[in-house]
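One structure is given here, and the rest of the page talks about it.
All chains are named by letter (A, B, ...) in the order of the sequence lines, taking the proteins before the strands, and each is independently numbered beginning at 1.
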There are 2 protein chains.
Amino acid sequence: MKQGADLQSLVGYRVQRANLLMETDARAALAAHDLSPAKMTALILIRDNPGCDQTALGRALSINRSSAMKLVNILADKGLVERRPGRDLRTNALMLLPEGARQLEAMLAAVRQSDARMTQRLSAEELKTLRALLIRLGPAPTPEDDED
Amino acid sequence: MKQGADLQSLVGYRVQRANLLMETDARAALAAHDLSPAKMTALILIRDNPGCDQTALGRALSINRSSAMKLVNILADKGLVERRPGRDLRTNALMLLPEGARQLEAMLAAVRQSDARMTQRLSAEELKTLRALLIRLGPAPTPEDDED
DNA sequence: TATTGTTATACTCTATAACTATA
DNA sequence: TATAGTTATAGAGTATAACAATA
């Protein structure tokens with residue numbers, strides 16, 4: 001199947017293919033835990049931001065409140081995360097439970113292994129470059145971004 | 001929201017964030033055409049591989065026959081693509097119709113503009129490097145890959 | 001008025017399983 | 001037996017719209 005210059009020249013296309021490759025492998029690495037890479041990310045964020053609320057979690061994951069709700073339900077049903085009373089009566093404080101911490105360690109080990117395998121053809125130097133370049137993707141910051 | 005070393009060190013995480021950013025912008029750029037970036041990719045593949053069958057298209061997009069079927073249905077319903085008799089009686093030959101070619105040109109212009117905007121903070125040299133590094137992601141080729 | 005959580009509902013994308021026709 | 005297309009069905013992930021409680 002020929003893939004002409006139109007596709008190859010689009011950075012977005014290359015990023016999408018790379019993401020599919022990496023995500024598929026990470027998902028397979030997590031299969032034993034029955035959690036997706038995105039849900040593992042949520043566990044990491046809750047661990048590193050104990051007491052955060054669902055809306056903030058959703059913002060960090062780029063999903064809305066309603067989607068964050070479903071995600072937290074799943075993590076809570078599995079006994080990995082707990083909703084505690086938050087800073088006011090509207091808000092939950094999300095906390096990683098001991099079982100969540102335990103499983104997260106195992107998941108991280110599996111995903112790190114996957115990540116290492118999928119990047120093994122790049123040198124340490126090249127990986128550093130790749131990370132730096134990926135971070136700089138996105139629209140240029142404009143003065144308006146400073147507003148209010 | 002703090003994002004600790006565990007996330008930042010995973011290349012897969014960075015690629016996922018970059019993909020979300022790029023894909024969201026490309027999707028917005030295509031909104032007027034009511035087609036996703038993936039469907040535009042399908043149009044490009046059909047244009048560049050006239051007469052290809054649905055299974056091959058699906059393989060190129062990393063989706064299965066059934067999903068490719070649905071995708072082609074949508075493109076055909078919109079009058080962008082046509083199923084012609086293929087190389088044997090089981091197979092379709094997919095062809096881009098004139099209306100598909102016309103719309104694809106407009107879509108490509110919009111997506112190229114999106115791509116340029118999302119990569120504007122990288123120099124031409126850096127873009128070249130990024131493309132080259134992204135292509136090298138994936139498991140190392142093994143001798144078994146040569147088998148049959 | 002604005003925000004948080006919540007629920008109901010729907011849409012997109014993909015997959016599996018089974019069937020038909022053809023090879 | 002194997003392959004291409006097709007269909008029905010289901011699941012994951014996300015979104016919108018509305019509501020209650022609280023700020």
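By the 4.5 Å heavy-atom criterion applied to side chains, A:L134 and A:L130 are counted as neighbours.
In this structure, B:R117 contributes its side chain and A:P139 its backbone to no donor-acceptor pair below 3.5 Å. Between the side chain of A:T129 and the backbone N or O of A:E125, at least one donor-acceptor pair lies under 3.5 Å. No donor-acceptor distance shorter than 3.5 angstrom exists from the side chain of A:T91 to the backbone of A:R87, with no hydrogens or angles considered. Not a single donor-acceptor pair under 3.5 Å links the side chain of B:N49 to the backbone N or O of B:C52.
With a cutoff of under 4.0 Å to any heavy atom of chain A, the contacted region of DNA chain D is bounded 5' to 3' by D:dG13 to D:dA23.
A salt bridge does not link A:D53 with A:R90: none of the charged nitrogens is closer than 4.0 Å to a carboxylate oxygen. At a threshold of 4.0 Å, the pair A:K78-A:E99 does not count as salt-bridged, since none of the basic side-chain nitrogens sits closer than that to a carboxylate oxygen. The existence of a salt bridge linking B:R131 and B:E126 is excluded, since no basic side-chain nitrogen approaches an acidic carboxylate oxygen closer than 4.0 Å.
Contacts between residues 14-28 of chain A and DNA chain D, counted as heavy-atom distances below 4.0 Å, involve A:R27. Interface residues of residues 77-95 of chain A facing DNA chain D, ordered by number: A:D88, A:L89, A:R90; criterion, heavy-atom separation under 4.0 Å. Listed in residue order, the members of residues 33-43 of chain A having a heavy atom less than 4.0 Å from DNA chain D are A:S36, A:K39.
Comparing A:R65 and A:S62 by the nucleotide of DNA chain D that holds the closest heavy atom to each, the one mapping nearer the 5' end is A:S62.
Remark: B:N64 is in phosphate contact with C:dA15, judged by side-chain N or O atoms under 4.0 Å from OP1 or OP2.
One can place CG of A:N73 at 10 Å from C1' of C:dG5, the figure rounded to the nearest angstrom. The CD1 atom of A:I63 sits 12 Å away from the P atom of C:dG5 (whole-angstrom rounding).
Nucleic acid contact for A:S67: base, since at least one base atom lies under 4.0 Å from a heavy atom of the residue. Heavy atoms of B:D53 sit under 4.0 angstrom from primed sugar atoms or phosphate atoms, though from no base atom. Among the heavy atoms of the strands lying under 4.0 Å from A:S66 is at least one base atom, whether or not backbone atoms are also near.
Only one option out of A:L80, A:L96, A:L108, A:L97 pairs with A:Q103 in a side chain to side chain contact (heavy atoms under 4.5 Å, CB included); it is A:L80.
The two residues A:S114 and A:A29 come nearest to each other via the heavy atoms CB-CB, 4.0 Å. Nearest approach of A:R65 to A:T55, heavy atoms of both residues: CG-OG1, 3.4 Å. Looking at every heavy atom in both residues, A:L137 comes nearest to B:R121 through O-NH2, 3.8 Å.
Linking Ile, Leu, Val, Met, Phe, Trp and Tyr whenever their side-chain heavy atoms come within less than 4.5 Å leaves A:L122 and B:L10 in two separate clusters.
Shown here is B:Q113, whose CD atom has no more than 12 heavy atoms of other residues, nucleotides or ligands within 6.0 Å. Around CG of A:D34, the count of heavy atoms belonging to other residues, nucleotides or ligands within 6.0 Å does not exceed 12.
With sequence neighbours left out, the side-chain hydrogen bond (donor to acceptor under 3.5 Å, both in side chains) criterion links B:Q8 to B:R14.
End-to-end axis angle for the helix from C:dT1-D:dA23 to C:dA23-D:dT1, using five pairs per end and rounding to 10°, comes out at 0°.
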